[in-house]
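Have a look at the structure below, then the notes.
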Amino acid sequence: MHASRSHLPATGDADALLRLVAACRAPAHLPSLRAAHARLLLLLHPAHPSAAPARVKLIQAYAACSALPAAHAVLESSCSPDRGAAAHAATICFNVLIRALTAASLHRDALRLFASMRPRGPACFPDHYTYPLALKSCAASKDLLLGLQIHTAVAKLRLDANLYVAHSAISMYARCGRPEDAYRVFDGMQHRDLVSWNAMISGFARAGLFERAVEVFKEFVALQCSVPDAGTMASILPAMGNAKADDILFVRKVFDEMQFKELISWNAMLAIYANNGYHVKAVELYLRMEKDGVEPDSVTLATVLPPCGELSAFSVGKRIHEIIKRKRMLPNLLLENALTDMYASCGCLKDAREIFDSMSARDVISWTSIISAYGKHGHGRESVDLFEKMLEQGLEPDSVAFVAVLAACSHAGLLGVGKRYFDSMTRRYHITPKAEHYTCMVDLLGRAGCISEAYDFITAMPIEPNVRVWGALLQACRIHSNMDIGIVAADNLFRLVPEQTGYYVLLSNMYARAGRWADVTSVRSVMVNKGIKKLPGASIVELGDRVYTFHIGDRCHPQSEMIYQKLDELLKRIRGIGYNPEVEATLHDVEEEDKEGHLLVHSEKLAIAFLLINTSPETPIRVTMNLRTCGDCHLAAKLISTITNREIILKDTNRIHHIVQGVCSCGDYW
DNA sequence: GTAGGGTTAG
């Protein structure tokens with residue numbers, strides 16, 4: 001059917017139809033789209049000047065409605081040889097469809113379509129719009145060979161002066177593991193814009209050359225030829241894991257100086273803090289977003305929830321949950337996983353379980369979160385049951401899932417179960433154990449009393465045992481008073497981390513317990529000679545929107561007087577029900593004369609007293625600390641929970657003590 | 001009427 005000239009004035013109708021076409025953005029719109037398409041075929045002669053743009057709109061619309069075959073059919077109708085007048089339009093149609101394919105991550109399909117263009121003749125030749133798309137698909141599918149071919153072709157066509165083409169080449173090389181080739185493209189550019197720098201920063205970051213990424217970032221900022229944007233922030237982010245404090249400060253300064261802070265810039269800054277253990281900074285920055293009225297998205301919230309968990313910042317975490325509900329962001333796997341972990345980490349196992357149970361879909365991360373939650377609370381059996389349920393669902397446990405279940409076994413003393421899991425991890429799932437797995441096993445064996453077995457386990461390790469592995473062994477030796485192996489563990493620790501006093505203290509405690517006072521003295525003198533200072537124990541608590549930190553014997557807090565009064569009163573009362581400061585723990589502070597006095601002002605105790613003063617009677621007390629809590633504080637916390645009738649949640653570096661009416665969820669096995 | 005860099009969970 002060919003429209004006669006009389007149809008041409010009908011473009012008014014065609015315009016209306018095209019607006020309708022452009023409005024079709026979801027599969028539900030397909031019927032209207034098909035109807036509009038049919039009417040357009042009647043209205044527009046294929047040679048009509050409006051026919052080509054119409055086809056582009058149709059391809060876009062079909063793609064948006066997830067009807068890629070239909071989009072493809074429109075494309076095929078656009079490149080017949082007799083459409084000479086619409087020569088260039090054919091290339092545009094290809095570009096639009098390739099774009100749709102890359103957006104759907106169908107990179108192989110995109111590349112196949114790309115490869116089919118040139119053989120169809122000059123009307124279909126790829127252009128400077130096509131090449132960036134093709135290079136992007138090469139990058140995504142890590143196809144360096146094809147990427148190289150395309151980049152060579154591009155250079156021959158002299159299209160490499162085009163910024164878009166150059167940027168996609170930089171990205172392609174970097175993502176295919178050739179950062180130096182990426183840099184060669186960047187270095188050879190006659191003109192660079194903001195995106196050029198972002199592409200290079202991102203390229204080095206993605207390729208793992210973090211220092212180079214930071215270097216380029218700094219050079220770009222120093223040049224002051226253009227202002228960093230959200231793309232710059234997001235590009236430097238992957239290079240900022242385990243970053244130097246100075247570099248984090250530098251990025252923060254850049255962030256602060258940005259005139260317009262896009263949401264992604266906030267999100268990237270939050271992630272940099274979160275990834276580097278700057279939990280307080282992350283929560284503070286989030287609170288500033290709230291204050292400044294910056295609307296968070298799901299990425300913001302998923303980024304700031306883990307720091308909330310780390311700090312046990314329950315009220316901020318809970319408020320974020322409210323925001324998530326209010327904004328109807330659920331279901332969202334990432335957010336639900338982050339919420340599960342945040343609640344668990346704040347000691348709210350029940351809320352964590354509620355989130356987990358309410359989820360419509362769960363992945364290994366969801367299961368790992370809840371398994372680890374029960375484990376940290378000392379409910380090893382529940383963890384194991386959940387792990388088995390996960391297997392029943394047909395999910396494949398990964399390395400982190402095994403860390404969670406092995407840690408749960410060690411926290412609950414489930415020796416046989418733990419051993420079986422370690423075995424199945426290697427034999428059945430072919431996962432190579434990492435240091436974390438070995439640490440769990442040494443802890444599990446050691447605390448169950450199998451010290452020699454734990455030691456043999458270490459000597460048989462195919463990787464170099466790290467500080468945590470030896471630390472777990474030393475801890476076990478202390479509990480079971482195994483001096484011989486304890487000394488071996490201590491020796492290795494002094495070799496690995498000569499500056500960490502915690503281990504000197506553990507060793508000296510062991511000697512003290514064995515009555516070997518001469519050895520106690522010699523360990524002490526080593527510490528004195530080396531000028532070793534104890535890693536300051538710190539407890540943090542959340543009150544309102546603020547996080548407070550307490551150190552041992554801290555008198556910095558404005559309420560200091562009240563806190564010490566409260567603590568005195570508490571100690572008097574718990575002495576009445578059997579509290580005696582634990583002798584052994586006094587050696588934590590070997591350098592102090594007044595041992596008992598010092599023990600009584602451990603940061604955990606100060607933090608508990610502070611919260612008792614400042615919160616209402618039904619509020620649980622949440623304290624997070626940077627070391628393992630000492631036996632004396634654990635006992636004191638249990639007794640304080642009894643006399644004050646308060647729930648106390650004491651989180652230390654590897655587990656959560658949930659204390660209710662004098663009973664701790666750890667069952668005193670820790 | 002099309003293209004480049006870039007953020008989130010165990």
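Just so you know, these numbers come straight off a predicted model, no measurement behind them. We use all heavy atoms of the structure for the numbers below, so side chains are in, but hydrogens, waters and symmetry mates are not.
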Sugar-phosphate, base or nothing in reach of A:Ile264, heavy atoms under 4.0 Å:
base
Which part of the nucleic acid does A:Ser372 contact within heavy-atom distance under 4.0 Å: base, sugar-phosphate only, or nothing?
nothing
Counting the atoms with a prime plus P, OP1 and OP2 as sugar-phosphate, which does A:Ala268 contact under 4.0 Å by heavy atoms, base, sugar-phosphate, or nothing?
nothing
Round to the nearest Å and state the distance from A:Trp266 atom CH2 to B:dT7 atom P.
19 Å
Give one of base, sugar-phosphate or nothing for A:Ile92, where a contact means two heavy atoms less than 4.0 Å apart.
base
From B:dG1, B:dG10, B:dG6, pick the nucleotide closest to the side chain of A:Ala230?
B:dG6
Tell me if the aromatic rings of A:Tyr62 and A:His72 count as close, with their centers under 6.0 Å from one another.
no
Nearest-Å distance for atom pair CD/P, residues A:Glu295 and B:dT7:
22 Å
Just how far, in rounded Å, is P of B:dA9 from CG of A:Asn337?
10 Å
Could you tell me how far apart A:Asp193 (CG) and B:dG4 (P) are, to the nearest whole angstrom?
13 Å
Do the rings of A:Tyr273 and A:Tyr278 sit parallel, tilted or perpendicular, given the 30° and 60° boundaries?
parallel
Could you tell me whether A:Val364 contacts a base, only the sugar-phosphate backbone, or nothing, with contacts defined as non-hydrogen atoms closer than 4.0 Å?
base
When rounded to the nearest 0.5 angstrom, what distance separates SG in A:Cys225 from CZ in A:Arg192?
9.0 Å
Hey, can you tell me if A:Tyr183 and A:Phe186 have their rings parallel, tilted or perpendicular (30° and 60° cut-offs)?
tilted
Considering every strand and a 4.0 Å limit on heavy-atom distances, what is the contact class for A:Ala166: base, sugar-phosphate, or nothing?
nothing
Just the rounded figure in Å: distance from P of B:dA3 to CG of A:Leu159.
17 Å
Counting the atoms with a prime plus P, OP1 and OP2 as sugar-phosphate, which does A:Gln60 contact under 4.0 Å by heavy atoms, base, sugar-phosphate, or nothing?
sugar-phosphate
